[in-house]
Visitor: 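Below: one structure in structure tokens.
Note that the structure is a prediction, hence the values are computed from the model and not measured.
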Amino acid sequence: MWEQPLSDWEWTFAVNFWGVVYGIRAFLPIMLAQDEEGHILNTASIAGLTSGAALPIYGASKHAVVRISEALHLQLAQAQAKIKVSVLCPGGVNTRIALATRNRPAEMWENASDRPSESELEQREHEWAAMTGQRGMRPEDVATIVFQAIQDDQFYILTHNEFDGAIRARTENILGRHNP
């Protein structure tokens with residue numbers, strides 16, 4: 001990760017973290033002023049609850065989303081607001097996330113030559129589909145889980161049970177003062 005350009009950090013946090021912050025700042029005051037029941041759903045990732053060597057920038061941005069969502073949940077409860085909060089931490093979902101770099105503004109590249117070609121983007125999409133494989137959930141199935149979790153007033157919304165062991169191992173390492 002020390003060799004990844006700062007522009008990768010800036011772009012990833014601009015989308016994953018600052019997008020959530022801007023959403024909260026734009027909509028929460030309006031929602032509070034309406035004094036009606038409502039719900040905020042912030043999207044993190046299973047990477048926001050686990051650790052590992054892969055995807056350090058992405059994971060860091062998603063950990064940040066989980067943390068601010070937890071704080072927002074507690075602050076709204078303390079304020080006795082009618083607004084609830086959940087954080088969605090999905091595993092692989094069959095989306096075109098591997099092609100996200102096509103939306104990256106030119107100024108967010110350290111060097112213009114770093115921008116992937118269309119064929120490279122297509123290859124990434126195929127690799128992502130192969131990697132998620134059977135675990136890749138359909139977006140409409142994620143939506144069903146989300147709607148049910150909101151009805152159940154569930155804060156952490158996890159879509160893939162197979163990551164429970166990784167979440168548990170991380171938590172046990174922290175509490176046991178063990179290295180990751």
Visitor: Please enumerate all residues that pass side-chain hydrogen bond (donor to acceptor under 3.5 Å, both in side chains) together with Thr43, with sequence neighbours excluded.
Guide: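 Thr43 satisfies side-chain hydrogen bond (donor to acceptor under 3.5 Å, both in side chains) with no residue once adjacent residues are dropped.
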Visitor: Please name all residues satisfying side-chain hydrogen bond (donor to acceptor under 3.5 Å, both in side chains) with Arg168, sequence neighbours left out, ordered by chain then number.
Guide: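 Listed in chain order: nothing, the list is empty.
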Visitor: Mind checking what makes ring pair (Phe, Tyr, Trp, His ring centres under 6.0 Å) contact with Phe147, not counting sequence neighbours?
Guide: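 In terms of ring pair (Phe, Tyr, Trp, His ring centres under 6.0 Å), with neighbours along the sequence ignored, Phe147 is linked to no residue.
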Visitor: What are the two closest heavy atoms between Phe13 and Ala64, and how far apart are they?
Guide: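 Of all heavy-atom pairs spanning Phe13 and Ala64, the closest is CE2-CB, 4.4 Å.
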Visitor: Do Arg25 side-chain atoms and Gly23 backbone N/O form a donor-acceptor pair below 3.5 Å?
Guide: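 Looks like no, no N/O pair under 3.5 Å.
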Visitor: If you compare all heavy atoms of Pro56 against all heavy atoms of Gln4, which two are closest, and at what distance to 0.1 Å?
Guide: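 For Pro56 versus Gln4, the nearest heavy atoms are CG-OE1, 3.9 Å.
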Visitor: Test side-chain contact (heavy atoms from CB on, under 4.5 Å) on Ile40 and Met31; report intermediate values, then the result.
Guide: CA-CA 10 Å; Ile40 293 172; Met31 294 169 76; 4.1 Å; yes
Visitor: Search all heavy atoms of Gly91 against all heavy atoms of Phe163 and return the closest pair with its distance.
Guide: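 Nearest pair, atom of Gly91 first, then Phe163: CA-CE1, 3.9 Å.
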Visitor: Would you check, one step at a time, whether the test side-chain contact (heavy atoms from CB on, under 4.5 Å) holds for Ile46 with Ile167?
Guide: CA-CA 8 Å; Ile46 200 66; Ile167 296 167; 3.7 Å; yes
Visitor: Checking Asp164 now: which residues fulfil side-chain hydrogen bond (donor to acceptor under 3.5 Å, both in side chains) with it, not counting sequence neighbours?
Guide: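 With sequence neighbours excluded, Asp164 shows a side-chain hydrogen bond (donor to acceptor under 3.5 Å, both in side chains) to no residue whatsoever.
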Visitor: Would you list the pairs meeting ring-ring contact (aromatic ring centres under 6.0 Å, His included) in which at least one residue belongs to residues 32-51, sequence neighbours left out?
Guide: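 Of all non-adjacent pairs touching residues 32-51, none passes ring-ring contact (aromatic ring centres under 6.0 Å, His included).
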Visitor: With sequence neighbours excluded, tell me which residues meet salt bridge (charged side-chain N to carboxylate O under 4.0 Å, His left out) with Asp35.
Guide: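 Applying salt bridge (charged side-chain N to carboxylate O under 4.0 Å, His left out) to Asp35 gives Lys82.
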Visitor: Verify the cluster assignment for Met1 and Leu6: are they in a single hydrophobic cluster under the rule of side-chain heavy atoms below 4.5 Å apart?
Guide: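 Result: yes, single cluster for both.
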Visitor: Mind checking ring pair (Phe, Tyr, Trp, His ring centres under 6.0 Å) for Phe27 and listing every partner two or more places apart, or none if nothing turns up?
Guide: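 Phe27: no ring pair (Phe, Tyr, Trp, His ring centres under 6.0 Å) contacts found.
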Visitor: How close do Ser61 and Asn16 get, heavy atom to heavy atom, and via which atoms?
Guide: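 In terms of heavy atoms, the two residues are closest at OG-ND2, 3.0 Å.
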Visitor: Compare every heavy atom of Pro90 with every heavy atom of Thr159, then report the nearest pair and how far apart it is.
Guide: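 Of all heavy-atom pairs spanning Thr159 and Pro90, the closest is OG1-CA, 3.1 Å.
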Visitor: What residue pairs, at least two apart or across chains, pass salt bridge (Lys or Arg N to Asp or Glu O under 4.0 Å) with a residue in residues 139-150?
Guide: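 Qualifying pairs, neighbours excluded: Arg138-Glu140, Arg138-Asp141.
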Visitor: Report the residues that fulfil salt bridge (charged side-chain N to carboxylate O under 4.0 Å, His left out) with Glu172, sequence neighbours left out, ordered by chain and then residue number.
Guide: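 Not a single residue meets the salt bridge (charged side-chain N to carboxylate O under 4.0 Å, His left out) criterion with Glu172.
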Visitor: In chain order, what residues pass the side-chain hydrogen bond (donor to acceptor under 3.5 Å, both in side chains) check against Asn161, with sequence neighbours excluded?
Guide: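 Asn161 satisfies side-chain hydrogen bond (donor to acceptor under 3.5 Å, both in side chains) with no residue once adjacent residues are dropped.
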Visitor: Return the minimal non-hydrogen interatomic distance between Ser86 and Ile150, and the atom names on each side.
Guide: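 Closest pair (atom of Ser86, atom of Ile150, distance): OG-CG1, 4.4 Å.
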Visitor: Could you pull out all residues at least two apart from His63 that satisfy ring pair (Phe, Tyr, Trp, His ring centres under 6.0 Å)?
Guide: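 Per chain and number, His63 pairs via ring pair (Phe, Tyr, Trp, His ring centres under 6.0 Å) with no residue.
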Visitor: Return all side-chain donor-acceptor pairs below 3.5 angstrom for residues 65-78, not counting sequence neighbours, or 'none' if the list is empty.
Guide:
{"unit_1": "Ser69", "atom_1": "OG", "unit_2": "Asn42", "atom_2": "ND2", "d": "2.9"}
{"unit_1": "Ser69", "atom_1": "OG", "unit_2": "Val65", "atom_2": "O", "d": "2.7"}
{"unit_1": "Glu70", "atom_1": "OE2", "unit_2": "Tyr156", "atom_2": "OH", "d": "2.5"}

